[in-house]
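Worksheet: one structure, shown below.
Each chain gets a letter, A, B and so on, in the order the sequences are listed, and its residues count up from 1.
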Amino acid sequence: MNLTNKSYRSQLIAFTVLFCICVLLNLSVGSLSISLADFWNIISSNEQNTNLNYILFNYRMPKAIASILAGVGLGISGLLMQTYFRNPLAGPFVLGISSGASLGVAVLIMGSSLLGFSTFIFNYSLPLAASIGALFVLTTVMIASRNLKNTLSILIIGLMFGSFTSAIISVLSYFSSANELQQYIFWSLGSLGNLQWKEIYLLLALETICLLFLIKIAKPLDALLLGENYAKSMGVNLKKTQTSIFIITSVLTGCITAFMGPIAFVGLAIPHLTKLIFKNANHLVLMPAVGLIGAIVLLLCDTVSHIPINHKHLPINATTSLLGAPVVIWLLVSKSRQFL
Amino acid sequence: MKKQILTTQNLAIGYQTSKQKTTLCKAIDLQIFSGEVLCLLGRNGAGKSTLLKTLAKLLLPLSGSLFVEQTSFSELSNIHFAKKISVVLTDRLPENSLTVYQTIALGRQPYTNWAGKLTPFDEKQINKAIHLTDIKNILDKNTSELSDGQLQRVMIARALAQDTPIILLDEPTSHLDIHHKLNIFRILKNISQETQKTILISTHEINLALKYADRLLLMHQQTLHLGTIKDQQTQQVLMNIFNSDLIRFDVATHQFIF
C-alpha cells in the first residue's frame with residue numbers, strides 16, 4: 001500500500017482515451033460537421049486549400065487546444081487553491097484573480113473614454129490589460145497577507161477584492177456607452193474560439209512553464225493536507241510553497257481569463273469532480289487527473305455549445321455552469337457522507 | 001548513558017506583534033536527555049502550548065537560544081529540523097480524503113524523494129509506528145471517520161513514522177475518556193522505553209503525569225521549573241500551581257486528591 005491507491009493508473013489511461021475521443025468529437029462538431037473520413041482525407045491528401053482544411057486548421061484546432069489549455073489551467077489553479085486554503089469553496093475566483101483580470105479589461109474597454117485616453121485596441125491590449133489586472137490584485141493580496149498567519153483571512157481579503165472590483169466595474173459600466181458595454185459583456189461571456197495560433201503558442205508556453213513548477217510543489221501540497229503547522233514540522237518551507245502556489249495560480253488564471261474571458265465554475269468544480277472519481281489524495285496523481293478531467297469537461301462544454309441551433313452557438317461561460325453545476329450537486333448529494 | 005538532546009539557554013517565550021510583546025515565560029534553561037518522558041504542567045494560559053510550539057520551531061522565541069543535539073535551531077534547515085523533532089498538535093485536521101495509512105506515511109516526508117515515494121525502509125518505519133500505537137485495524141479508514149482516541153493514536157503514529165529523537169505532544173489526551181487517557185500515556189511510555197525517544201507531553205492530567213513522567217516541567221508565574229516528583233522543591237511548585245480549597249497534593253502517595 002502506498003500514498004496512492006493502485007487503481008489510479010488504469011483510471012488515468014481510461015480518461016486519456018476519453019480525452020482523445022472528446023478531442024475528435026470537439027473537432028467534428030460545428031456548423032459544418034467533419035466526419036472521421038474527412039479527417040483522414042485532410043491528413044492524407046496534400047490539398048491545402050479546401051474549405052474543410054481551412055476550418056480545421058484555422059478555427060477548430062485552435063479552439064480545441066484553447067479548450068484543453070483552459071480546462072487544464074483552471075482545474076489545476078482550483079486544486080492548488082483548495083489544498084492551500086483547505087477550503088472546498090476556494091478557487092481562482094475566490095482569491096480575486098479573475099476579478100482582477102475583469103477589472104483590467106473593464107478599465108480598458110469602458111474606462112478608456114471616461115479617463116480620456118485613446119480607445120485604440122491593438123492586438124494584445126485585452127490580454128495585457130487582464131494580466132495586469134490579475135497581477136495587480138494578486139500582488140495586493142500577497143502584500144496584505146504577508147503579516148497574516150491565518151489563511152482564512154487571506155481568503156476573505158480575496159473575496160473583498162472581488163466585491164471591490166465588481167463595484168468598480170458597475171460604476172464604469174454605468175457611465176459607459178452602450179457600445180462599450182456590449183463589448184465588455186461579450187468578453188465576460190467567455191469565448192474559446194477567438195484565439196489565433198500566435199496566441200495559442202504564447203498560452204501553451206506559459207502554461208507549460210507553470211506545469212513544470214507543479215512537480216516541485218506536489219509533495220508540500222500533500223503535507224499541507226494536515227494543516228500548516230504539521231506541514232512545517234515535516235520540513236515544508238511554507239513561504240516558498242505559498243509564493244509558488246500564488247504565482248502559478250495567478251499566471252494560469254490571469255492568462256486564461258485574459259484570452260478567453262472569465263470561465264466560471266471550472267476552477268471550482270473540476271477538482272471536486274476529480275477527487276470524487278479518483279478518491280486519491282496524492283497530488284502527483286491528482287494534478288494530471290485534474291488536468292485531464294478539466295480538459296475533457298471544457299472540450300465537452302465547447303462541443304455542446306457549438307451544436308448548431310439556428311446557426312448560433314452558446315457562450316462557453318453559460319454552458320460550463322449550465323452543464324456542470326447540476327452534475328457536481330448530484331455527485332456531492334449522492335456521495336455526501338464520504339466527501340464532506 | 002544519557003545523551004543531552006535538547007537544550008535551551010535563557011529562553012523567553014511569548015507573542016510579539018509590531019505593537020507589543022507579551023512574555024509568557026522567561027529565563028528558561030532546560031537540559032533534556034534522550035529516552036526521557038517529560039510532562040509539562042501548568043494552568044490554562046500559562047504558556048504550555050507556546051513553549052511546545054517554540055521548541056518545535058513553529059514559533060520564534062522572544063530571546064535566548066535553542067539547541068537540538070548541540071546544534072542551534074537556526075543552523076538547521078527545515079528538512080534537517082524535521083528529522084529531529086516531530087509534533088502532535090491540538091490543531092484540528094482540515095477536511096481531506098487521506099486514509100489512516102496515508103496520514104502516517106506523510107510522516108516520512110523529510111526522508112522521501114521529490115515524488116514522496118516510499119522505500120522499503122520507509123514502509124518498515126511506518127509499520128513499526130502502526131505496531132507501537134496498535135492501529136492495524138483502522139488503516140484503510142478515512143481520518144474523518146475516526147473517534148478522538150483513534151485519531152490521537154494515528155497522529156502519534158505519524159510523529160513516530162517521522163522517526164525523530166524528540167516527540168512533542170500538545171495535550172494529547174484532551175477530549176478522551178479515562179480509559180483512552182491511560183492508554184495514550186501507556187503507549188507513550190512504552191515508545192520511549194522501546195525507542196529511546198524523548199517524549200515531552202503538555203497535559204492537564206496531573207495524576208497521570210505524576211505516574212508516567214520521569215521528570216516534570218512546571219510552568220508557573222513566568223518561570224519554568226524542571227525536576228522529579230521526589231524533589232521537595234518540585235512538590236512545592238506543584239502545590240503552588242494547583243493547590244486550592246478544592247484539591248490537595250498528598251505528599252505520601254505523590255497524588256493529587258480532589
Side-chain angles (χ1 to χ4, degrees), chain A residues 1-5 82-90 146-152 214-241 271-272 274-287 335 337-340, chain B residues 17-18 53 56-59 76-118 122-123 126-127 139-140 142-145 154-155 158-159 161-162 164 167-168 170:
Chain A
M1 203 159 68
N2 205 325
L3 242 188
T4 60
N5 70 50
Q82 282 171 17
T83 301
Y84 179 71
F85 288 109
R86 293 178 293 287
N87 192 318
L89 279 179
R146 195 180 290 163
N147 293 321
L148 291 174
K149 291 221 168 68
N150 190 347
T151 47
L152 202 61
L214 285 182
I215 296 170
K216 265 192 90 92
I217 59 169
K219 200 173 137 181
L221 282 172
D222 282 346
L224 275 170
L225 289 175
L226 295 182
E228 277 181 11
N229 277 334
Y230 276 119
K232 209 172 162 188
S233 84
M234 292 188 286
V236 171
N237 186 335
L238 279 182
K239 274 286 158 210
K240 225 170 95 184
T241 310
H272 285 295
T274 312
K275 285 177 205 161
L276 281 172
I277 295 168
F278 276 76
K279 293 196 181 60
N280 202 317
N282 187 336
H283 283 82
L284 270 184
V285 178
L286 271 183
M287 290 193 295
K335 302 192 175 186
R337 275 294 298 147
Q338 300 153 19
F339 192 68
L340 286 173
Chain B
T17 59
S18 50
K53 282 187 175 151
K57 215 178 167 182
L58 295 173
L59 279 179
L76 283 167
S77 71
N78 288 356
I79 291 287
H80 283 108
F81 190 82
K83 292 177 183 175
K84 300 293 180 198
I85 295 181
S86 57
V87 289
V88 174
L89 301 166
T90 46
D91 299 18
R92 259 194 60 187
L93 285 188
E95 294 288 349
N96 64 49
S97 48
L98 289 170
T99 64
V100 166
Y101 188 89
Q102 292 174 330
T103 307
I104 300 169
L106 281 177
R108 295 305 296 169
Q109 275 218 349
Y111 305 91
T112 53
N113 65 358
W114 61 271
K117 178 149 180 51
L118 297 174
D122 291 321
E123 281 169 9
I126 293 166
N127 288 331
L139 290 181
D140 291 325
N142 192 298
T143 44
S144 57
E145 301 167 339
V154 170
M155 294 321 285
R158 191 211 60 79
Q162 207 173 323
T164 54
I167 303 177
L168 307 175
D170 196 2

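A donor-acceptor contact shorter than 3.5 Å links the side chain of A:Tyr230 to the backbone of B:Leu89. Under a 3.5 Å cut-off, the side chain of B:Gln109 and the backbone N or O of A:Lys219 do form a donor-acceptor pair.
Atoms OG1 and NZ, on B:Thr99 and A:Lys279 in that order, are 13.5 Å from each other to the nearest 0.5 Å. Of the inter-residue distances, the one linking B:Gln102 atom CD with A:Asn280 atom CG reads 6.5 Å to the nearest 0.5 angstrom.
Proximity to chain A is absent for every atom of B:Arg108, based on heavy atoms less than 4.5 angstrom apart. For A:Ala218, no part lies near chain B; criterion is any non-hydrogen pair under 4.5 Å. Contacts of B:Ile126 with chain A are absent, with no heavy-atom separation under 4.5 Å from either backbone or side chain. Residue B:Lys53 touches chain A through its side chain alone, counting heavy-atom pairs closer than 4.5 Å. If you measure heavy-atom distances from B:Asn113 to chain A, the contacts under 4.5 Å come from the backbone alone. In this structure, no portion of B:Ser77 lies under 4.5 Å from any heavy atom of chain A.
Listed here is the closest heavy atom pair of A:Ser233 and B:Arg158: OG-NH2, 4.2 Å. In plain terms, the two heavy atoms of A:Gly227 and B:Pro94 that are nearest each other are N-CG, 3.7 Å. The shortest heavy-atom contact between A:Gly235 and B:Ala82 is N-CB, 3.5 Å.
Taking B:Ile104, B:Thr143, B:Ile79 one by one and counting their heavy-atom pairs under 4.5 Å with chain A, the maximum is reached by B:Ile79. Between chain A and the residues B:Lys57, B:Lys83, B:Arg92, B:Gln162, the largest count of heavy-atom pairs under 4.5 Å involves B:Gln162. Between chain B and the options A:Thr83, A:Leu225, A:Val236, A:Leu224, heavy-atom pairs under 4.5 Å are most frequent for A:Leu225. When A:Leu238, A:Leu284, A:Asn237, A:Asn229 are compared by the number of non-hydrogen pairs under 4.5 Å with chain B, A:Asn229 comes out ahead.
Under the rule for a ring-ring contact (aromatic ring centres under 6.0 Å, His included), the partners of A:Tyr84 that lie at least two apart in sequence or sit in another chain are A:Phe246. With sequence neighbours left out, the ring-ring contact (aromatic ring centres under 6.0 Å, His included) criterion links A:Phe85 to no other residue.
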One pair to check against side-chain contact (heavy atoms from CB on, under 4.5 Å): B:Leu106 and A:Leu226. What are the steps and the verdict? CA-CA 9 Å; B:Leu106 281 177; A:Leu226 295 182; 3.8 Å; yes

